[in-house]
Amino acid sequence: MQAFTQYTPTRIVFGKDTEHQAGSLAKQMGATRVFVIYGGGSVVRSGLLERVTTSLSEAGLEWMAAGGVKPNPRLSFARECVEKSKEFGTDFVLAIGGGSVIDTGKAIAHGTANPDTDIWDFWTGKQKVTRSLPVGVVLTLSAAGSETSDSAVLTDEETHEKRGMATDFNRPAFAIMNPELTFTLPKYQVGCGIVDICMHTLDRYFTKSEHNELTDEIAEGLLRTVIRNGKIAIKDAHNYDAMSELMWAGSLSHNGLTGLGAQKDFAVHQLGHELSSRFDLAHGASLSAVWESWALYVYQEKPERFAQYARRVWNVKEDDTEKAALEGIRQTVDYFKSLDMPTCFGEAEGVGVQSDETLHAMAHSCTYGGVRTIGSFHVCDEEDIYKIYKMANKNCKFSDR
């Protein structure tokens with residue numbers, strides 16, 4: 001195992017009706033003036049917003065609410081909320097929603113605590129976060145794992161740049177997790193969430209690091225659990241047992257636990273960010289649309305790792321390393337298809353087959369204009385990224401690749 005530091009300070013409050021504890025939890029964290037951020041109307045229509053704000057009032061806290069967060073969270077909206085938050089005198093941010101809402105909440109917390117800094121400077125690396133406000137979460141979507149992670153993404157819709165930023169200041173103070181709050185999700189969002197949970201683990205699992213047995217076992221067990229319960233949840237989002245397993249797996253998949261002691265890759269996330277920012281494709285769908293092409297492009301870097309994944313996660317019995325590796329990739333792709341998730345550009349809504357010129361432009365943008373590479377399992381430069389995009393740029397089955 002490589003050296004690591006494990007830090008997961010988020011207090012988890014899991015179970016039915018736990019959203020009623022939002023006010024008391026925020027008060028315990030020293031809150032007096034709470035900025036509440038949420039997404040669309042479902043939070044209002046379901047009564048969740050009212051239940052949460054009532055708990056804030058009952059705890060004696062002042063609050064201000066702002067809705068309108070969109071998927072692939074927008075920089076412009078986050079900036080607007082920062083100004084409102086500063087004017088309100090916020091000392092605690094409460095996010096009600098999924099990853100996009102939570103990431104927007106983190107941006108609001110950073111911007112409010114650093115009133116003289118434009119928040120995009122944090123995401124582009126021009127400034128480093130050295131202070132922030134505490135953030136609480138009421139989770140409504142099992143997917144991004146942002147409720148316990150040190151990361152957050154923002155999208156500059158003017159330049160079509162989607163950037164991630166990691167800092168311990170992104171770790172929420174608490175996360176309220178009631179699986180029943182996910183019961184109203186449409187099938188597409190459930191599928192996107194399942195892919196995202198898997199990918200947060202796979203982007204850590206495919207590593208060249210050796211002798212990391214316990215972390216491997218945790219990752220493999222989480223993946224088996226997600227695959228098994230995802231099959232149930234995609235057919236019945238009201239199945240409490242399946243939805244609760246997915247909710248907890250989502251948090252564990254991105255709090256650092258499934259990659260401790262190993263070098264992370266995350267090339268698939270970087271590849272997917274280009275699709276999300278350019279075509280406004282849902283995050284989970286962007287990941288499934290590029291994973292097969294990435295896997296086929298890089299697996300020969302260490303086929304033993306892919307074979308281990310196939311045998312331990314998919315129960316592949318093949319003794320030949322290469323055949324086992326390819327079978328694991330095939331079964332993963334088939335699983336994504338069973339969730340009605342795209343596995344190439346041609347299957348992705350709003351994307352479709354792109355021109356070669358666009359593929360080159362995407363590869364150039366993914367490298368931030370040719371100044372970086374992505375990944376560690378196989379370090380990908382601009383030409384590698386272009387070739388992966390080209391592989392993904394059509395409607396075809398696994399056998400055709």
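Worth saying up front: this structure is predicted, and the values here are computed from it rather than measured.
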Given the rule in the side chain to side chain donor-acceptor pair (under 3.5 Å) test, do Asp356 and Tyr386 qualify, once you have shown the distances and angles that lead to the verdict? CA-CA 9 Å; Asp356 204 56; Tyr386 162 73; 2.5 Å; yes

Regarding [X] and [Y], does a basic nitrogen lie under 4.0 Å from an acidic carboxylate oxygen?
X: Glu318; Y: Lys323; value: no
X: Lys84; Y: Glu87; value: no
X: Glu292; Y: Arg330; value: no
X: Glu304; Y: Lys208; value: no

Any chance you could measure [X], atom [atom1], to [Y], atom [atom2], to the nearest 0.5 Å?
X: Arg305; Y: Ser209; atom1: CZ; atom2: OG; value: 8.0 Å
X: Tyr368; Y: Glu382; atom1: OH; atom2: CD; value: 14.0 Å
X: Thr373; Y: Asp384; atom1: OG1; atom2: CG; value: 9.5 Å
X: Met247; Y: Met243; atom1: CE; atom2: CE; value: 7.5 Å
X: His360; Y: Ile385; atom1: NE2; atom2: CD1; value: 12.5 Å
X: Ser244; Y: Phe14; atom1: OG; atom2: CZ; value: 5.0 Å

If you count heavy atoms of other groups shown closer than 6.0 angstrom to [atom1] of [X], is the number above 12?
X: Glu357; atom1: CD; value: no
X: Glu50; atom1: CD; value: no
X: Lys27; atom1: NZ; value: no

Holding to side-chain contact (heavy atoms from CB on, under 4.5 Å), I want the full list of residues that pass it with Asp340, two or more places apart in sequence or in another chain.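 Only Lys187 meet the side-chain contact (heavy atoms from CB on, under 4.5 Å) criterion with Asp340.
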
For Lys106, which of Ser146, Pro73, Ser151 qualifies under side-chain contact (heavy atoms from CB on, under 4.5 Å)?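 So, applying the side-chain contact (heavy atoms from CB on, under 4.5 Å) to Lys106 and each of Ser146, Pro73, Ser151, only Ser146 qualifies.
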
Angle between ring planes, [X] versus [Y], binned at 30° and 60°: parallel, tilted or perpendicular?
X: Phe306; Y: Trp291; answer: tilted
X: Phe377; Y: Phe206; answer: perpendicular
X: His200; Y: His269; answer: parallel

Taking it one step at a time, do Tyr38 and Thr140 satisfy side chain to side chain contact (heavy atoms under 4.5 Å, CB included)? CA-CA 10 Å; Tyr38 62 97; Thr140 65; over 6 Å; no

Pairing donors with acceptors under 3.5 angstrom, does anything connect the side chains of [X] and [Y]?
X: Glu58; Y: Thr54; value: no
X: Asp265; Y: His378; value: no
X: Arg204; Y: His254; value: yes
X: Ser76; Y: Glu157; value: yes
X: Glu19; Y: Asn178; value: yes

May I ask you to establish whether Lys231 and Tyr335 are in a cation-pi arrangement, using a distance under 6.0 Å from NZ or CZ to the six-membered ring centre and at most 45° from the ring axis?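 Lys231 over Tyr335 ring: no.
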
By side-chain hydrogen bond (donor to acceptor under 3.5 Å, both in side chains) - contacts of Arg33 (at least two apart):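 Listed in chain order: nothing, the list is empty.
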
Using the salt bridge (Lys or Arg N to Asp or Glu O under 4.0 Å) rule, collect all pairs that involve residues 107-119, keeping only residues at least two apart or in two chains.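 Non-adjacent pairs meeting salt bridge (Lys or Arg N to Asp or Glu O under 4.0 Å): Arg79-Asp118.
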
Test your reading of the model: is there a side-chain donor-acceptor pair from [X] to the backbone of [Y], 3.5 Å cut-off?
X: Ser85; Y: Cys81; result: no
X: Arg171; Y: Thr148; result: yes
X: Asp156; Y: Leu75; result: no

With side chain to side chain contact (heavy atoms under 4.5 Å, CB included) as the test, would you mind laying out the steps for Leu154 and Phe77 before giving the verdict? CA-CA 10 Å; Leu154 278 181; Phe77 182 76; over 6 Å; no

